[in-house]
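Heads up: the structure comes next, in structure tokens.
Please read all numbers here as calculations on a predicted model, not as lab measurements.
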Amino acid sequence: MTDSEVAVGVTHVADDTMKMTGCGSCGMYMILEGAPGKSFLCMKCRLIELMEEKIRGLEMQVESLVEFRKGFEQIMEQRHEVSEGKSSDLQMEAGLGNSEGRLGEESGQWKHVTKRTRQRKRRASEGEIELQNRFAELENEEGAQQVVTEGDRARKKRRAVSPIGKGEELMEITPNMSPRRIQDGLKRITRENGNGKNLQPEGTGDRLENSTVTRKRQVYVIGDSLLRRIDRPVTRADPENRRVCCLPGAKIRDVDLRLKRILKGAGKNPLIILHVGTNDTARFSLESIKGDYARLGRTLKEIEAQVIFSGILPVPREGQQRCDKIMTINRWLRQWCYKEGFGMYGHWEAFMDRGQFSRDGLHLSREGNRLLGWRLAQLIKRALN
């Protein structure tokens, strides 16, 4: 068999397997293998049928929802009509009860009073205004004399009860007078009498002498030159009891040496916030810095105060090595503060913007100072509360 005969046989076989068929819906012709069924539909027509079925289902759901809504509205209308009928019945009963109450009042018998009747009576009484003259008695001479005599009697009783000597009418002590005003009045009486007699009320002098003024907790923010220009946001809430001590170029050892002198008049249990360590990271090793923190912690425990350490800020002008060193110290400082019973407040993520530092890359700009002052002020507020 030659090659031409083989090719002719293959074409006959292909013609037998591939047949031209038309869609029963749209009439489009397609070439398919084998003999398709009588009701052949193309893929597009099938999708259209599926979409039509879904649309019919949605229409049925909408119809059911509309019917449900109509039934619900009818039920609500019936309930509203029933409630209106009940309210009218209640009003009729209340009217009957009021009429019975009035009959009971006229006959002098007991009556049943409800909250509704009390409110109605109160509203009715508010509309009635009684007009009378309070000073009618003063029009007659006898009434005027009676009022004057009653006022004299009341004043005489107050003088008899008051601790001032008999016959002295220079000052009357009332419950609304403050102790300081009482003291000033007694001094004035003593000067005018000239006899040096002690006219103080019993127990007044002892109470004023023994009274002590309660002092608020003192707050000290101590650190290096990064605390410049933050005193205003920190001390704005309580200028008398908050202080910012900025030590330019100070290291941990310097703060340890000056701490007791700074806190000389701190009072009982002050709040101390320490922001120090930036200058140490440039010169000393990690072990040396840890030892300085430990010595500072021993000094703070002798003072008996609430202590919070402020985390070291990044230094943008230095390289990655300095930043890694500062991050290591901050992690160790957090663990050490937790172990020693101190607080630790970090700022690393809040100061990642280069615009928060000045041109030298070490000190803060005005924006950075405002941010640090605001964060420390919020820290003080949470610690005191």
Side-chain angles (χ1 to χ4, degrees), residues 220-234 243-263 272-301 303 305 307-340 342-377 379-380:
Y220 288 83
V221 181
I222 305 171
D224 50 23
S225 57
L226 291 176
L227 300 183
R228 289 175 180 171
R229 295 188 295 271
I230 70 163
D231 51 347
R232 185 171 296 176
V234 170
R243 294 176 177 83
V244 178
C245 183
C246 177
L247 305 174
K251 294 179 284 294
I252 303 173
R253 298 176 184 176
D254 301 328
V255 174
D256 186 15
L257 294 174
R258 302 183 187 180
L259 189 62
K260 291 185 178 180
R261 187 169 55 185
I262 295 172
L263 302 175
I272 304 172
I273 299 176
L274 296 170
H275 186 88
V276 67
T278 305
N279 298 320
D280 297 78
T281 58
R283 302 181 181 181
F284 304 111
S285 61
L286 292 175
E287 298 299 328
S288 177
I289 294 172
K290 293 178 182 178
D292 293 340
Y293 272 118
R295 281 189 292 271
L296 180 59
R298 288 192 291 269
T299 304
L300 290 168
K301 288 184 177 180
I303 299 173
V307 181
I308 301 176
F309 281 89
S310 179
I312 303 174
L313 300 181
V315 184
R317 73 173 183 181
E318 302 294 338
Q320 188 65 30
Q321 185 176 1
R322 178 84 176 272
C323 292
D324 294 341
K325 186 177 181 180
I326 294 174
M327 293 177 67
T328 304
I329 293 172
N330 283 333
R331 286 195 295 268
W332 174 86
L333 183 62
R334 187 177 295 276
Q335 297 175 359
W336 176 77
C337 289
Y338 179 77
K339 181 180 177 182
E340 298 294 330
F342 302 139
M344 200 277 181
Y345 187 60
H347 310 277
W348 188 271
E349 295 180 356
F351 287 88
M352 296 300 295
D353 187 6
R354 181 64 176 80
Q356 296 169 349
F357 293 86
S358 59
R359 293 181 179 179
D360 59 1
L362 176 63
H363 298 91
L364 296 175
S365 62
R366 293 189 179 275
E367 181 182 355
N369 288 324
R370 284 195 294 269
L371 178 60
L372 181 60
W374 178 80
R375 289 176 65 85
L376 293 178
L379 174 63
I380 293 169

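In this structure, Glu367 has no salt bridge (charged side-chain N to carboxylate O under 4.0 Å, His left out) partners at least two apart in sequence or on a different chain. For His347, the ring-ring contact (aromatic ring centres under 6.0 Å, His included) partners are Tyr345, not counting sequence neighbours. Under the side-chain contact (heavy atoms from CB on, under 4.5 Å) criterion, Asp254 pairs with Ala250, Lys251, not counting sequence neighbours. Applying the ring-ring contact (aromatic ring centres under 6.0 Å, His included) rule to Phe357 yields no partners; only residues at least two apart in sequence or on another chain are considered.
Of all heavy-atom pairs spanning Ser365 and Gly355, the tightest one is OG-O, 3.1 Å. Closest of all the heavy-atom pairs between His363 and Leu226 is CA-CD2, 3.8 Å. Closest approach of Ile308 and Met344 over heavy atoms only: CG2-N, 4.2 Å. The minimum heavy-atom distance between Pro316 and Gly361, with the atom names listed, is CD-O, 2.9 Å. Lys325 approaches Phe284 most closely through the heavy-atom pair NZ-O, 2.5 Å. Pairing each heavy atom of Cys246 with each of Arg228, the nearest pair is SG-CG, 3.8 Å.
Within a 6.0 Å radius of CH2 in Trp374, no more than 12 heavy atoms belonging to other residues, nucleotides or ligands are found.
To the nearest 0.5 angstrom, Ile273 atom CD1 is 13.5 Å from Cys245 atom SG. How far CG of Leu247 is from CD1 of Ile262: 5.0 Å, rounded to the nearest 0.5 Å. A distance of 13.0 Å separates CG in Leu274 from OH in Tyr220, rounded to the nearest 0.5 Å. Atom CD1 of Ile312 sits about 5.0 Å away from atom CD1 of Ile329, to the nearest 0.5 Å. Here Glu340 contributes atom CD and Leu300 contributes atom CG; the two are 10.5 Å apart, rounded to the nearest 0.5 Å. Going from atom CG of Leu257 over to atom CD1 of Ile252 covers 12.0 Å, rounded to the nearest 0.5 Å.
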Apply side-chain contact (heavy atoms from CB on, under 4.5 Å) to Leu371 and Leu364, showing your working. CA-CA 10 Å; Leu371 178 60; Leu364 296 175; over 6 Å; no

side-chain contact (heavy atoms from CB on, under 4.5 Å) evaluation trace for Arg243 with Val221: CA-CA 6 Å; Arg243 294 176 177 83; Val221 181; over 6 Å; no

Tell me, with the steps shown, if Trp332 and Met327 meet side-chain contact (heavy atoms from CB on, under 4.5 Å). CA-CA 9 Å; Trp332 174 86; Met327 293 177 67; over 6 Å; no

Please determine whether side-chain contact (heavy atoms from CB on, under 4.5 Å) holds for the pair Leu313 and Gln356, giving the CA-CA distance in whole Å, both sets of side-chain angles, and the decisive distance to 0.1 Å. CA-CA 11 Å; Leu313 300 181; Gln356 296 169 349; over 6 Å; no

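The stretch residues 350-365 participates, sequence neighbours left out, in no salt bridge (Lys or Arg N to Asp or Glu O under 4.0 Å) pair at all.
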List the atom pairs, with distances to 0.1 Å, where a side-chain N or O of residues 289-297 and a protein N or O form a donor-acceptor pair under 3.5 Å, not counting sequence neighbours.
{"from": "Asp292", "atom 1": "OD1", "to": "Arg253", "atom 2": "NE", "distance (Å)": "3.1"}
{"from": "Asp292", "atom 1": "OD1", "to": "Arg295", "atom 2": "NH2", "distance (Å)": "2.2"}
{"from": "Asp292", "atom 1": "OD2", "to": "Arg253", "atom 2": "NE", "distance (Å)": "3.2"}
{"from": "Tyr293", "atom 1": "OH", "to": "Val276", "atom 2": "O", "distance (Å)": "2.9"}

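Using a 4.5 Å heavy-atom cutoff, the side chains of Leu376 and Leu227 are in contact. Residues Leu362 and Thr278 have side chains in contact (heavy-atom distance under 4.5 Å, counting atoms from C-beta outward).
Arg229 places no side-chain N or O within donor-acceptor distance of the main-chain N or O of Gly373, the cut-off being under 3.5 Å. Side-chain atoms of Ser288 do not come within 3.5 Å of backbone N or O of Ser285 as any donor-acceptor pair.
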